[in-house]
Amino acid sequence: MSILMQDVRKKYGNDYALKNVNLTFQKGKIYGLIGPNGSGKSTTLKLITGLIFPDSGNVTLHGHTVTRKTSVDIAYLTELDMFYDSFSVQETINYIASQFSDFNRNKAELLVKEMKLENNKKIKSLSKGNRARLKLVTTLARDADVILLDEPFSGLDPMVRDQIVKSLLQYIDFDNQILLIATHEINEIEPLLDEAIALYYGEVIGQEKVEDLREQKGLSVLQWFKQIIGTIEEDN
Amino acid sequence: MMNPIKGLLIKDYRISRFHFLTWVVAIIVLLSFGVVFSAYTNQPAGTFFIFILVGISIVGIAPIMMLSLLTIEGKNQLWLYSPRSSYTLLLSKFAVILTYQFIIQILLTIYGAISMYWFGKSVYQQLSTGMFIELIAVINIALLLTGIYFTCWLIFYWSIYHSLKKYPKIRPFRWLVIIVLFFAYNLFEAFLIRLEIVKNFVSLYQLNIVSNTSLNYVDDEWNVLFDTATIPITPIIYYTLLAFLLFFATSRFLERKVEV
């Protein structure tokens with residue numbers, strides 16, 4: 001089971017969001033997609049989910065070209081506000097459970113308790129932190145083949161961030177799922193990652209196994225990322 | 001586990017019920033005003049005027065409700081992050097909206113019956129129950145079909161508008177594209193209707209039903225009269241096919257062109 005991106009290009013007007021990107025994501029691994037704002041991280045995740053389409057190249061999951069229907073196998077946490085304001089927490093969970101057959105209600109209940117969310121609370125009255133927690137509940141409660149998290153820590157305080165990392169460790173099936181986290185908060189996810197992929201203005205500028213980085217180069221992911229960005233900017 | 005279609009229907013109902021209640025209150029206020037005003041002016045046929053006014057405004061319910069639903073969804077377009085097909089996503093909205101419209105039409109039907117057989121009995125031409133059912137059925141079906149037709153156009157324009165979002169150069173002029181499309185189609189239709197062959201085809205099959213109403217002023221009092229009229233069938237078939245075409249085109253746009 002894998003995700004393949006072959007020569008993928010995506011343009012918005014004259015600007016490249018992704019330029020000839022070739023990436024492979026394998027089952028049982030956690031990938032960190034890192035890069036500054038506008039580097040193409042969200043675009044990559046949306047392409048894998050089938051929410052946007054490549055201008056050229058191909059994105060496949062299990063050997064099939066990604067379409068809108070691919071969402072059946074992909075649990076996607078967006079950086080956007082993804083809920084209906086008039087719903088309660090429970091109604092939101094019920095709705096998502098009705099749409100995705102892999103939604104695991106027991107897992108959702110445990111997550112809701114752990115995240116200290118109140119089932120009858122309206123979405124519009126939830127704080128930003130609680131909305132982020134609910135996003136995580138609805139994403140992690142799915143037993144999907146692929147989990148994509150787009151900026152899961154954005155604008156959240158350290159307590160919530162810690163909780164999110166703990167939940168990831170607890171609820172991800174490390175042997176059977178592909179987890180892809182797009183973020184520029186590198187320090188938070190570093191302990192989780194198997195591989196780090198650096199994106200810079202639509203191009204993949206580096207891909208390393210995190211263990212190799214630590215053991216062979218003595219670098220953290222952040223140090224490695226700064227190093228390659230520095231080299232590129234010097235060359236320019 | 002809840003059925004996915006039921007889940008979609010509940011979702012669409014939940015995000016639109018406030019708008020629906022607003023419509024119901026507005027319609028009830030308007031209908032009540034018709035009765036009060038007619039009683040005040042001593043012209044019971046005044047309810048007929050309100051009946052027509054509400055009937056016309058009902059045609060706008062479905063497209064306006066659909067626009068408000070799509071505006072909610074369009075904030076982030078994440079409704080498209082779903083294993084359901086675009087057809088299903090749209091049909092759920094249609095089902096909810098047309099149910100709303102039908103409920104409002106029932107209110108109007110009751111109002112019509114009260115006006116004809118009680119409040120305005122003296123000025124409304126009294127139809128037999130059979131004729132009244134025929135008239136009400138024609139009006140209700142016509143209102144529903146017209147609502148569906150305009151809503152299909154609305155979703156079609158909406159999907160084009162959002163498909164063009166990914167082209168930054170066209171993005172500021174998206175409204176213009178929609179306006180050009182609107183006028184282009186209407187010019188085409190106007191041209192089509194002037195062709196002799198089309199004229200002949202339109203009048204080929206007709207249906208004779210009670211559908212014509214008129215007001216007659218006699219002895220300081222307005223009277224409501226009903227008559228049979230011939231309705232051409234060809235345009236009904238044409239607009240039904242066009243509505244289907246618009247619906248399927250919209251679904252394709254949603255599936256392949258509208259991005260999140």
Side-chain angles (χ1 to χ4, degrees), chain A residues 10-15 17 42-43 45-55 67-88 90-106 108 122-124 135 138-139 142 144 148 150, chain B residues 1-21 68-90 92-93 96 159 162-173 251-260:
Chain A
K10 181 69 184 171
K11 269 174 107 176
Y12 291 107
N14 292 326
D15 301 322
S42 297
T43 304
L45 298 197
K46 285 181 183 177
L47 280 163
I48 295 170
T49 319
L51 294 174
I52 57 174
F53 315 102
D55 295 327
T67 64
R68 282 275 151 83
K69 296 262 165 59
T70 309
S71 63
V72 83
D73 291 319
I74 293 179
Y76 169 63
L77 182 149
T78 166
E79 59 179 337
L80 302 169
D81 205 357
M82 66 192 280
F83 301 125
Y84 296 105
D85 277 350
S86 56
F87 277 29
S88 66
Q90 188 61 57
E91 282 173 322
T92 302
I93 290 170
N94 288 346
Y95 170 62
I96 293 169
S98 75
Q99 297 307 298
F100 296 98
S101 57
D102 58 10
F103 194 89
N104 185 329
R105 275 193 176 272
N106 296 333
K122 290 270 179 202
I123 299 293
K124 63 183 163 204
K135 276 194 215 174
T138 56
T139 310
R142 284 185 58 195
L148 307 178
D150 194 359
Chain B
M1 194 71 83
M2 198 195 297
N3 175 299
I5 306 294
K6 192 178 167 189
L8 272 180
L9 289 169
I10 290 175
K11 184 261 289 181
D12 286 325
Y13 161 71
R14 286 286 283 109
I15 61 173
S16 61
R17 69 176 174 186
F18 178 74
H19 289 109
F20 167 62
L21 290 173
S68 95
L69 273 178
L70 291 177
T71 305
I72 293 169
E73 305 284 21
K75 279 181 191 166
N76 55 28
Q77 299 286 22
L78 279 163
W79 67 305
L80 300 172
Y81 169 57
S82 165
R84 311 274 87 75
S85 67
S86 300
Y87 302 110
T88 315
L89 296 176
L90 284 172
S92 161
K93 294 195 188 310
V96 169
S159 65
H162 284 273
S163 302
L164 296 174
K165 195 177 164 188
K166 62 178 173 180
Y167 305 106
K169 281 184 182 163
I170 305 173
R171 205 171 161 166
F173 309 107
S251 302
R252 297 287 282 185
F253 275 125
L254 283 180
E255 213 126 286
R256 287 157 191 244
K257 296 290 174 197
V258 177
E259 296 192 333
V260 177

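Computation of the quantities below employed the complete heavy-atom set of this structure, encompassing side-chain atoms and omitting hydrogens, waters and symmetry-equivalent molecules. In what follows, chains carry the letters A, B, and so on, assigned in the order in which the sequence lines appear, proteins first and then strands, with residues in each chain numbered from 1.
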Does any backbone or side-chain atom of [X] lie under 4.5 Å from a heavy atom of chain B? Answer side chain, backbone, both or neither.
X       : result
A/Thr67 : neither
A/Ser86 : both
A/Tyr95 : side chain
A/Asp81 : backbone

Measure the acute angle between the ring planes of A/Phe100 and B/Tyr81, then classify it against the limits of 30° and 60° as parallel, tilted or perpendicular. tilted

If you count heavy atoms of other groups shown closer than 6.0 angstrom to OH of A/Tyr12, is the number above 12? yes

So does B/Arg252 have more than 12 non-hydrogen atoms from other groups sitting under 6.0 Å from CZ? no

Name the region of [X], side chain, backbone, both or neither, that has any atom closer than 4.5 Å to a heavy atom of chain A.
X       : result
B/Asn76 : both
B/Lys6  : neither
B/Leu78 : side chain
B/Ser85 : both

For the atom pair [atom1] ([X]) and [atom2] ([Y]), what is the distance rounded to the nearest 0.5 Å?
X       : Y       : atom1 : atom2 : result
B/Asn3  : A/Gln99 : CG    : CD    : 9.0 Å
B/Ile10 : A/Glu91 : CD1   : CD    : 9.0 Å
A/Ser71 : B/Leu80 : OG    : CG    : 10.0 Å

With distance as the sole test, does B/Glu259 use its side chain to make a donor-acceptor pair with the main-chain N or O of A/Phe53 at under 3.5 Å? yes

Could you tell me whether the side chain of B/Lys11 reaches within less than 4.5 Å of the side chain of A/Tyr84, counting heavy atoms only? yes

Return the set of residues passing side chain to side chain donor-acceptor pair (under 3.5 Å) with A/Asp15 (not counting sequence neighbours), or none when no residue passes. none

Among B/Met2, B/Lys75, B/Gln77, which has the most heavy-atom pairs under 4.5 Å with chain A? B/Met2

I need the contact set between residues 162-173 of chain B and chain A: heavy-atom distance under 4.5 Å, sorted by residue number. B/Lys166, B/Pro168, B/Lys169

What closest approach, in Å, do B/Gly7 and A/Ser98 show between heavy atoms, and which atom pair accounts for it? CA-OG, 3.4 Å

